Amino acid sequence: MTYKIERRGTPAFSAKISRRGFVKTGGALFVSLALPLRLATRALVAENSNSIDPTLPESWLEIHSDNTIVARTGRTETGVGITGYYPQTIAEELNVRPEAITLIMGDTDRTPDGGYSAGFLNGMTNVRKVAAYTYQALVGLAATHMGVPVSSLSVTDGVVTGGGKKITYGELVQGQHLELKIPMKGALPRPDPTGEVGMTSMDGLTVTGDPPMKAPKDFKVIGTSFPAGHIPDKVTGKTKWSCDVTLPGMLHARMVRPATMGSTLVSVGTFDKKQFPTAEVVRKENLLAVVSPNEWEVVQAAQSVGDSTKWTEWAGLPGSENVTKAIRAHKWVKASESKGKAGETKSALESAAKKISATYEQGYVRHAPIGPFVAVADVNSDGNVMVWTHSAQSQGLRARIAYVLSVPVEKVVVRWMDHAGQYGRTTFGGDGAEADAAILSKLTGKPVRVQWTLPEDLAWSSVSPAWVSDMTASVDRKGQIVAMHSAHYAPHMEDPRPLGALLAGMPSATSKPDAWVATEWPYDKIVNRLEEAYGMPNLAGDSAYGGLRGNIMRTPGQRQQNFALEGFINEAAATAGADPIEYRLAHTTNERLINLLRATAEAANWESRPSPHHSARRSGSTAVTGRGACIMIRSNAYWVGIAEVSLVPNTGSLKVTNFTIGCEPGKIINPRQLDRCMKSGVVMGLSEALKEEVTFDNSKVTSTDWSRYKILTMSEIPQIKVVQLSRDDKGFGGGSEAANALVPPAVAAALFDATGVRARRIPLTPKYVNSLLKA
Amino acid sequence: MATQLRLSVNGTRQTVNVDPDTPLLFVLRNELKLTGPKMGCGMAQCGACAVLLDGKEIRTCITPVSGVEGKQITTIEGLPALWAQEKGLSAAAGQGTLHPVQQAWIDEQVPQCGYCQSGMMMVAVQLLSKNPNPSVDQIKDAFTNAPPSPHLCRCGTYSAIIDAVQRAAQAMRGGAL
C-alpha cells in the first residue's frame, strides 16, 4: 500500500508509507530513510555479522501495536538533557505522551543518523520532522481505517478521535508491518584525511522537506519540565556505564606512556612474573601497555614496567609561563577566516578621533572529566571490530577506528554507553581510549578494556589551546564605538587524532590548523568591524605525537573570543564614562538582546553607573565589592551574565558572591533542564575564570592531578539567579552551552569595578590578582 | 596472594577470593558487580568512588579490601535497603522504595553526566544522618572540607546538589514537600 499524505497548504513535503507484510502477533510502523544509498547501506550492514538486526538498522521511529514507541538517534546524552527534550519534541508532534517513548542512542548499528551530540539544533530539528512525518502518516491511516476525512480527526495521547469513533496508534498498526520512508540528505561519516576534521559528514544525515508541524501556541509537552530519562537509573546504580562493560576472556589494560610528550621508546621495562603471573607486556612502536585478566594485577605490573622503561629525552615545549609569548612569536601570515568590512574598518580606525586598544590572553585549559577515558574493544579474527565507549560522535569514532586499523567502515560497530562528561573533546570522534583498546585487542586477539588514569588523562588527552587576541576600536566624541578590529590567534583547535594511533604509528587523520571567527556579532550599531581568526599548528606539533593536541571545549572559540570582545566593550564603556549595560544598549538595536539585558539587569538589581565604583581601591584589609556584565549570542540564543564580587585587596583572593544569568533561546523546551544547564554552566565558567590552567615544563604537562589542575569546589559557588525568557516566534535556540562563557568577562569586569584594575587574562588566581593590584 | 575474605555489603554477606591489598573499589566493581562507585582519580582526590563504611564515607580507590572485613559497606545500590531498615519497613516494602536522597536526586534532576553522583549521595546520606536540617553553608562544608578531599563535580551540579540535600532533609524529617 502506498499512501499519499494530504497537504494542508504547507510547503511541499512527501513521505511514502508502504505495507511490507502482515504479521500474526504485534505489528509496527517503522520510519526509515528514503535515500538512494539505502539499498547499498543495507546490503553492507546485512553482511556485517556484528549487526544486531540487519533488517531494520536505520529506523528513526517505531510505533508498536502495544502503543509503545521507540525512537533512535546517533546523538547521545552528554548530561545536558537529550533524554528529556528529544522525547518531548517527538511526543509533541506525534500527540503522544513522552513517557511512551523509549530512546535508543549512539549505537552505530542501531541508530540511523550520525551527528555529534553538541549539534542540538540539527538533531532536534531532525527528530521533530521525523515525528511530524509520522504523525501525518498515522492520521492518514486512521482516516482510511475509520472512513472519516483527516480534517475531522484529532489525536490526544496516541488516540485518534473523529466521526464518533476512536482508535489508538497501536491498533492502527496491529497485525501489519508498515514502513514509512522519509526524505533525507547527507551521509554517515567516512575517514578522509583531506576533510575538514579528518572525516566527512560530521553532522550525519539531515531530514529534508517541510512536513506540517505544530505552532508553538499549540505546544502541550514542549515548554514543560519533563524529566531527563537517564537520571533514575543513575541514582540507583542500574545504569550500565562504558566502564562497566565486561566480556568473556576480556583483558584489563593500563597504558605506559612516554616520559615526555616527545620521547620515543628505548627499552621496555620489566615486572616480576612470579608476583604478577597473568600480566603481559604488549607493545607496538611507542604504544606500550600491560594487560591481564586481573585489574589489580595489571595496575601493579604496569607501575613496575613504567618505572623501568627507558625513553629518549625530549624538550620541545616552551613552558606554560611562556605560552602566550610563544604564540605571539609565531610568524603569522594570513587570517584563516575574516568577517566584516576590512577596508571601511581600517580607514575608520585611521581617521579616528580617539583610538583604544587592548590585548587579551589565556593559557591552556582542559576538559578534565571526573572519569578518565575508558573503552572496551573486541577485534575479531575475521576483522570485525566492536567498540564500547562514550564518544559524543559514535559514527565519527567508527570512521576513525576503521582508518586506524585500515578496515572498511562497515566492519566497525560502536556501541555508546554513559560515562563522565566530555565537554567537547570527543565531538570529532577522536580523543579517547578507543584506539588504544582496538590496537591492543588486535595484537592480543582478545577483548581489551583500557582504563586511563587521571594523571594520564590530565597529561595526554587533548587540550583547549592558549590564545591571544588584539582588539582596537575608534570612538567618537561621545564615546560611541565607530569601528572595531579584532584579531584572534590560537594554535590548532580541531585535532582529533587518537593518541593510541599516534603512539603506535598507525594512520590517523586531522584537519588543517585553521581558526575561525566564532563570535555572533551582537553590536549591529558598530557597522565598521573586522574580525579575524588566525590558526597555527599545535605547540610542539612537529614532535612524534603532535605535541599539545588542541581540541574544542564547551562553547569553543566563542568562549575565548567573547572574553576579549566583552572585556573590550567594558573597557570602552569605562573610557566613555558610561554604565556598561547602557553602553551595550547604545550599540545594538536587537530587540531580543535589549529585552534580555533589561530583564537580567533588573533581576540583579543593577544600579546604572559607570565602572569603576567611586569607592574602588586596590589596597586595604577590608573587602571591596564590584559588579560586571557581559553578553553573548550563540545558536539563536541570547545570553547575559552579571557577576558580583568581593575581595580584600591585600590578599588578592577574589570571591564571586552572586551571579545572575539570563537566557532567551526562542521557545524554551524544558525550563528545569535549561535552569540546570545555566547554573552548571556558571559553575564551569567560574572554575575557568578563577582557577584553571594547564601547566607544563619544557617536556611534559605537570598539572596532572586535582591538586595541580584545580577546579571549582562546592564551597566556592556563588548564589546563582536564573532569568529565562521564552518566546514563540523565534524558533528554538541552543541552551546547553554558552553559559560557561558568560562568566570570565563578567567576573573580570566586576574586579575592575571593585578595584579599578583591568584583568586581561584568566585565571584570576590570588597571585595574578595580587600582581595586578600591586602593579 | 589471593585470600578468602568475608565482607558485608548492602546488608548481604559476601565471600571474595582476592589479594588482600586489592582496592575495595576493584572488589566491589569487578567481583561483586556493584558498579555504582566509580573510578575517578585513584588517589582520594575526587570522591567518585566513595561508599559508606559503618555509616562514614571512605574512598574505595585507596582502601585495601582487607581493611573493611567485619564492617558494613553501603553503596548506592544498598541505599533503599538502608532506608527500609531505618524506617522498619519489610524487605519487600523496602525493595520498592528509594532512599529519600535518591528520590531527591531524581526530583531535583541533579545528575548531568552523573559520574560523580554516587559519591555525592554518600556524603548526603552521611550528613543527613548527623544533621537532619543542614544549612546551605553546612552542606557546602560537608561536600568541600571533609577529609580527604572535596567531592568534585565537573558538570557543575553543585547548586542542584544543595537543592536536593535540602529536599531530602525535609522528606526525612517527614515534612511535606
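Labels below follow one simple rule: chain letters A, B, ... track the order of the sequence lines, proteins then strands, and each chain is numbered from 1. From a predicted model like this one, the values you see are computed outputs, not experimental measurements.
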Tell me, for A48(B) versus chain A, whether the close heavy atoms (under 4.5 Å) come from the side chain, the backbone, both or neither. side chain

Could you check L152(B) against T713(A) for side chain to side chain contact (heavy atoms under 4.5 Å, CB included), going step by step and ending with a plain yes or no? CA-CA 6 Å; L152(B) 298 176; T713(A) 63; 4.0 Å; yes

Kindly say whether I717(A) contributes a backbone atom to a donor-acceptor pair with the side chain of K140(B) at under 3.5 angstrom? yes

Non-hydrogen side-chain atoms of W296(A) and D21(B) separated by less than 4.5 Å: yes

Note: N30(B) and E295(A) closest approach over all heavy atoms is ND2-OE1, 2.7 Å

Counting heavy-atom pairs under 4.5 Å with chain A, which one of K33(B), K38(B), Q117(B) comes out on top? K38(B)

Side-chain (T144(B)) to main-chain (S715(A)) donor-acceptor, under 3.5 angstrom: yes

What part of I139(B) gets closer than 4.5 Å to chain A, counting heavy atoms only: side chain, backbone, both or neither? both

Select, from I106(B), T75(B), L34(B), the one with the greatest count of heavy-atom pairs under 4.5 Å involving chain A. I106(B)

Quick one: do the Q109(B) and R672(A) side chains pair a donor with an acceptor below 3.5 Å? yes

Show the numbers, then the answer: is there a side chain to side chain contact (heavy atoms under 4.5 Å, CB included) between S149(B) and W706(A)? CA-CA 10 Å; S149(B) 83; W706(A) 294 121; over 6 Å; no

Against chain A, label Q103(B) side chain, backbone, both or neither, depending on which of its atoms sit under 4.5 Å from a heavy atom there. neither

Assert top hit (heavy-atom pairs under 4.5 Å, partner chain A, pool M120(B), M43(B), E108(B), M39(B)) equals E108(B)

Side chain, backbone, both or neither: which part of S118(B) has a non-hydrogen atom closer than 4.5 Å to chain A? neither

Under 4.5 Å heavy-atom distance to chain A, tell me which part of L98(B) shows up: side chain, backbone, both or neither. side chain

First locate atom CD of Q112(B), then atom CD of E77(A), and finally report the distance between them rounded to the nearest 0.5 Å. 9.0 Å

Whether R676(A) side chain and P111(B) backbone form a donor-acceptor pair below 3.5 Å: no

Quick one: which of V18(B), D163(B), D137(B), V136(B) has the most heavy-atom pairs under 4.5 Å with chain A, could you say? D163(B)

Any donor-acceptor pair under 3.5 Å linking the side chain of Y158(B) with the backbone of L712(A)? yes

Quick check on the interface: out of P37(B), G36(B), G40(B), who has the most heavy-atom pairs with chain A under 4.5 Å? G40(B)

With the threshold set at 4.0 Å, does a side-chain nitrogen-carboxylate oxygen contact exist between R29(B) and D244(A)? yes

